[in-house]
Amino acid sequence: MSFKVLLLAGNTYRARAYAQQLQEVNNQEIEVFGVFFGFSSKPVEDIVLNNQAKEYCNINNILCPDLSENIKETYRKNKWHYSEIDSVDVNSEEVIQAIKETECDIVVFAGYGGQILRTGHFKVGKNYLHMHPGKLPIERGSTTLYYSILNGRNCSVTAFYMTEKIDEGKNIICKEYPVPTKGVDMDYGFDNIIRADCFIEAIKALLNGKPPFVNDEESVEYYVIHPVLKHVALLSMKDVKKDLA
Amino acid sequence: MIGDSLTYKYLLESAPKEKINYSYSKYNGEDFIDAWKNSRLRFISLIKPVEDIGINDVNQTKTEILFTQWKNDLVKRSVFDFKPLNLLVKRFEVTKKIYSEYDRYFRPLNRKSFMLLGLYVQFGVVLGSAYGITKKLPYLNSLIKINDIGCSLFKQLTDSDKNILGNNIRLELDFVDSLRANLH
């Protein structure tokens with residue numbers, strides 16, 4: 001009996017990375033579906049990750065996604081089915097209806113920046129999975145990768161079941177990643193690389209029947225990082241080895 | 001915003017009515033840090049010392065009274081409840097405004113009353129104390145944003161508030177220097 005994964009995807013690099021992880025794992029136990037929304041209104045420039053990002057992935061045995069490949073192409077190659085909604089609003093009736101109509105074990109959210117799932121999604125009766133780029137609950141909120149670096153920690157991604165309250169659902173896994181070297185783009189590259197890696201680890205954990213858990217450490221909330229602190233974090237990253245420059 | 005890409009550009013003459021946008025900021029290496037420091041030092045150089053940065057007890061708003069209480073209580077860290085401060089930090093980070101009066105959930109009682117500029121520098125004092133004690137980065141993050149507002153509105157500040165802003169800026173510069181030193 002297959003595990004049905006529905007990717008609720010905007011036209012984003014993150015969605016591309018998630019889809020490519022599903023392609024890479026090529027697990028016969030997993031069936032992949034998609035609800036794509038807002039694509040016509042949200043064109044995205046195809047980008048190629050630089051050598052520093054590729055080297056980071058190589059060293060850490062992580063898939064380096066091809067962010068120039070449109071997710072629809074990934075789905076086409078793998079003969080995965082998807083429906084498409086014009087609205088950019090993830091909380092629109094059309095999106096929610098499309099999810100209701102798709103039989104799946106889990107909905108994986110990869111929407112547009114700043115979008116929050118509202119009540120309608122949580123009445124559908126399905127589990128929603130999200131990957132947060134921080135260790136929950138001690139790194140809740142925004143731009144947490146930078147705060148991890150400033151706090152002298154490795155970067156982390158927590159895969160958890162979403163609820164109406166932000167960053168408060170039960171955790172599935174939390175995985176740590178070494179801080180990248182200078183030159184690795186944090187916002188578009190590193191963030192999506194590690195979220196996608198954690199995503200597939202979470203799927204594997206679910207396939208293995210790993211129960212969700214609650215981390216009862218003290219919750220700390222972070223807000224959009226000031227550019228001064230962002231620069232402090234980025235400037236603290238180690239230089240890439242000279243032979244990669 | 002004031003200035004170009006080589007000038008510190010996170011100052012906005014229409015703040016706090018308009019929010020300064022910090023999202024997806026570009027990376028400019030050490031040049032950006034230099035631009036920020038130079039901008040801050042320039043404002044410090046414009047401040048004339050006043051003898052007494054005392055608190056004007058007449059007609060204090062409830063928020064000002066609260067900030068005074070917090071400043072005093074932060075000195076006695078063992079009895080300070082950080083939850084209300086954390087909630088106000090959250091509200092400030094969303095609205096980029098400080099209001100003259102709040103309800104118990106730190107929702108403003110009058111959504112138009114956010115132009116008492118002294119409240120911003122007073123909040124900066126609280127944030128500086130909180131970060132100095134706890135080293136929790138949300139306080140430093142908000143302190144830098146509050147200082148951006150203070151510098152944006154520099155000409156409108158009283159001499160007393162300018163001096164307080166100057167102290168907040170010195171703390172900000174020291175905190176960031178220490179943070180950088182600890183990371184290397």
Side-chain angles (χ1 to χ4, degrees), chain A residues 12-13 44-45 50 52 112-116 134 137-154 165-167 179-192 217-239, chain B residues 1 5 8-11 19-37 39-40 82-83 86-87 89-96 127 131 134-149 169 172-173 175-184:
Chain A
T12 65
Y13 300 127
V44 67
E45 185 185 330
N50 62 15
Q52 288 91 331
Y112 298 105
Q115 287 193 321
I116 296 171
I138 65 171
E139 293 175 332
R140 292 180 61 208
S142 172
T143 54
T144 37
L145 288 178
Y146 295 104
Y147 290 108
S148 299
I149 296 170
L150 293 174
N151 282 321
R153 286 200 284 265
N154 281 331
K165 291 190 177 180
I166 297 172
D167 296 342
V179 176
T181 53
K182 277 180 180 153
V184 176
D185 179 277
M186 293 290 284
D187 292 333
Y188 298 109
F190 184 68
D191 178 288
N192 292 318
E217 290 179 271
E218 183 193 356
S219 174
V220 180
E221 187 149 7
Y222 291 93
Y223 306 98
V224 173
I225 195 164
H226 191 285
V228 167
L229 294 183
K230 180 174 176 174
H231 276 72
V232 170
L234 290 171
L235 286 166
S236 76
M237 287 155 64
K238 291 187 171 61
D239 284 313
Chain B
M1 307 237 185
S5 59
Y8 183 69
K9 66 172 189 174
Y10 294 96
L11 304 176
K19 297 180 192 178
I20 300 173
N21 182 13
Y22 298 108
S23 297
Y24 294 104
S25 53
K26 286 185 182 176
Y27 176 63
N28 287 306
E30 285 287 355
D31 286 348
F32 175 83
I33 297 292
D34 291 340
W36 159 71
K37 276 193 180 176
S39 172
R40 293 302 205 237
F82 283 91
K83 284 181 187 165
N86 293 343
L87 184 50
V89 166
K90 179 175 189 165
R91 300 283 187 245
F92 167 70
E93 286 282 0
V94 171
T95 65
K96 301 299 187 300
L127 292 169
Y131 180 74
T134 65
K135 294 297 186 280
K136 288 193 173 174
L137 289 167
Y139 301 132
L140 177 56
N141 195 57
S142 292
L143 172 62
I144 306 174
K145 293 179 183 179
I146 273 284
N147 285 347
D148 282 342
I149 295 174
I169 289 172
E172 174 195 357
L173 292 167
F175 288 151
V176 172
D177 279 346
S178 292
L179 185 60
R180 293 197 71 182
N182 287 340
L183 287 169
H184 283 104

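Bear in mind that the values here come from a model prediction, so they are computed numbers and not experimental data. Proteins get letters first, then strands, A, B, ... in listed order; numbering begins at 1 in each.
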Undergrad: Rounded to the nearest 0.5 Å, what separates atom CG in Leu235(A) from atom CD1 in Ile33(B)?
TA: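 Reported to 0.5 Å precision, the distance equals 6.0 Å.
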Undergrad: Please find the pair of heavy atoms, one from Lys26(B) and one from His231(A), that lie closest to each other, and give the distance.
TA: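 Here Lys26(B) and His231(A) meet closest at O-CE1, 3.2 Å.
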Undergrad: Taking everything shown except Tyr27(B) itself, do over 12 heavy atoms lie less than 6.0 Å from its OH?
TA: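 Atom OH in Tyr27(B) is crowded, with more than 12 foreign heavy atoms closer than 6.0 Å.
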Undergrad: Applying side chain to side chain contact (heavy atoms under 4.5 Å, CB included) between Val232(A) and each of Val176(B), Leu140(B), Asp177(B), report the one that passes.
TA: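 Filter result, single survivor: Val176(B).
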Undergrad: Which value, rounded to the nearest 0.5 Å, describes the distance between Leu234(A) atom CG and Phe32(B) atom CZ?
TA: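 Leu234(A) atom CG to Phe32(B) atom CZ measures 11.0 Å (nearest 0.5 Å).
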Undergrad: At a 4.5 Å cut-off on heavy atoms, which part of Asn86(B) comes close to chain A: side chain, backbone, both, or neither?
TA: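 The backbone, not the side chain.
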Undergrad: What residue in Lys136(B), Lys145(B), His184(B) has the most heavy-atom pairs under 4.5 Å with chain A?
TA: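 The answer is Lys145(B).
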Undergrad: Between Tyr188(A) and chain B, with a heavy-atom cut-off of 4.5 Å, which part of the residue counts as in contact: side chain, backbone, both or neither?
TA: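 The answer is the side chain of Tyr188(A).
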Undergrad: Walk me through it: do Val220(A) and Leu137(B) pass the test side chain to side chain contact (heavy atoms under 4.5 Å, CB included)?
TA: CA-CA 10 Å; Val220(A) 180; Leu137(B) 289 167; over 6 Å; no
Undergrad: For chain A, which candidate among Ser142(B), Pro138(B), Ser23(B) shows the most heavy-atom pairs at distances under 4.5 Å?
TA: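 Going by pairs under 4.5 Å, I would pick Pro138(B).
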Undergrad: Can you tell which of Val228(A), Ile149(A), Asp187(A), Leu150(A) has the highest number of heavy-atom pairs within less than 4.5 Å of chain B?
TA: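 Heavy-atom pair counts peak at Val228(A).
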Undergrad: Contact part of Glu30(B) toward chain A, heavy-atom cut-off under 4.5 Å: side chain, backbone, both or neither?
TA: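 Glu30(B) touches chain A through backbone and side-chain heavy atoms alike.
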Undergrad: Side chain of Asn141(B), backbone of His226(A): donor and acceptor closer than 3.5 Å?
TA: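 Between the backbone of His226(A) and the side chain of Asn141(B) there is a qualifying donor-acceptor contact (under 3.5 Å).
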Undergrad: As an exercise, state the distance from CG of Asn182(B) to CG of Asn151(A), rounded to the nearest 0.5 Å.
TA: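 With rounding to 0.5 Å, CG (Asn182(B)) is 11.0 Å from CG (Asn151(A)).
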Undergrad: Could you walk me through whether Glu93(B) and Val224(A) pass the side chain to side chain contact (heavy atoms under 4.5 Å, CB included) check?
TA: CA-CA 8 Å; Glu93(B) 286 282 0; Val224(A) 173; 5.5 Å; no
